[in-house]
Amino acid sequence: MQAVVEKLTPERRRELTRSTLIDAAADVFARRGFHAASLEEIAETAGFTRGAIYKNFENKEELFFAVIERRIETQLTRFSEVISEDNTAAADPARLAAIWEEVLSFDKDWFTLDLEFRLYAMRNDDARERWVAHEREFHDLVARFIVEMQHALGVSMRIDADTIAGIVVPASQGFYQWAALDPEQAHYYTAFLELLMKALDYQQPTPL
């Protein structure tokens, strides 16, 4: 059977170029940090000229947000897959903690980059507004994910999904940032999930 060769339309070519640039930016940002990373190195890593970046992104800041959005999308998709494969994980704090650590890839390089950009955003109003919008979008995605998981598992909780997301997202970031500095403290995240799950008070639906 003859292989089907995809026809590269201008739109598809731009999509591939943009995706390649985001991949390269993720690598360079992780190694260099936001401030030290240069558009020249990102373009060289991607195999393009600097002009290719400006055809797809307004500046380095916009490229950084594209990296974040790609990361979040990948994380939530994978988390959904893992939970679907193992429904019992939703009732096991240790398993949930392991899943978050695996899927969200809480590594030292990422935390360093994340904290660096947060400081940058605190000193730059435009960046701060975009960062806040990004965080609120992520919050909403997590809240919707929690609702979907409740429906899939057939459980209900005393606390609404929006409030749960507002607790889990910043708490998870804080716990894993601390663990990046002192790995021996990582187990406290499991203890936090145990306390949270008791507060949520999972309720199985009453049989008809």
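The shown structure was predicted, so the numbers you read here are calculated from the model rather than taken from an experiment.
Applying the ring-ring contact (aromatic ring centres under 6.0 Å, His included) criterion to F175, with sequence neighbours excluded, gives Y189, F192. Residues that satisfy the side chain to side chain donor-acceptor pair (under 3.5 Å) test with D27, not counting sequence neighbours, are R31. With sequence neighbours left out, D162 forms a salt bridge (charged side-chain N to carboxylate O under 4.0 Å, His left out) with no residue at all. With sequence neighbours excluded, no residue forms a ring-ring contact (aromatic ring centres under 6.0 Å, His included) with H187.
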* For N59 and E62, run side chain to side chain donor-acceptor pair (under 3.5 Å): C-alpha distance rounded to whole Å, both residues' side-chain angles, the deciding distance at 0.1 Å, then the answer. => CA-CA 5 Å; N59 49 40; E62 184 177 346; 5.7 Å; no
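The closest donor-acceptor contact from the side chain of N56 to the backbone of A52 lies under 3.5 Å.
For residues 44-54, the pairs satisfying salt bridge (Lys or Arg N to Asp or Glu O under 4.0 Å) are E40-R50, with sequence neighbours left out.
When only modelled atom types and interatomic distance are considered, T163 and D160 share a side-chain donor-acceptor pair under 3.5 Å.
Atoms CD1 and CG, from I42 and D23 in turn, are 12.0 Å apart once rounded to the nearest 0.5 Å. Between atom CG of residue L63 and atom CZ of residue R18 there is a gap of 8.5 Å, rounded to the nearest 0.5 Å. Between atom CD1 of residue I167 and atom CD1 of residue I159 there is a gap of 5.5 Å, rounded to the nearest 0.5 Å. Interatomic distance, CZ of R70 versus CD1 of I22, reported as 4.5 Å (0.5 Å rounding).
A continuous path of ILVMFWY side-chain contacts below 4.5 Å connects I53 to F48, so both sit in one hydrophobic cluster. Two different hydrophobic clusters hold L195 and V169 under the rule that ILVMFWY side chains link at heavy-atom gaps under 4.5 Å. Put simply, V147 and I164 are part of two different groups of oily side chains (I, L, V, M, F, W, Y) that touch within less than 4.5 Å, one to the next.
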Please list, one pair per line, the donor and acceptor atoms closer than 3.5 Å that link side chains of residues 114-128 to other protein atoms, with sequence neighbours excluded.
from, atom 1, to, atom 2, distance (Å)
D114, OD2, R118, NE, 2.8
E116, OE1, F34, N, 2.9
E116, OE2, F34, N, 3.3
E116, OE2, H35, N, 2.9
R118, NH2, E135, OE2, 3.2
R118, NH2, Q173, OE1, 3.2
Y120, OH, E61, OE1, 3.1
N124, ND2, Y120, O, 2.6

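Classification of R12 and E15 as a salt-bridged pair holds, one side-chain N sitting under 4.0 Å from a carboxylate O.
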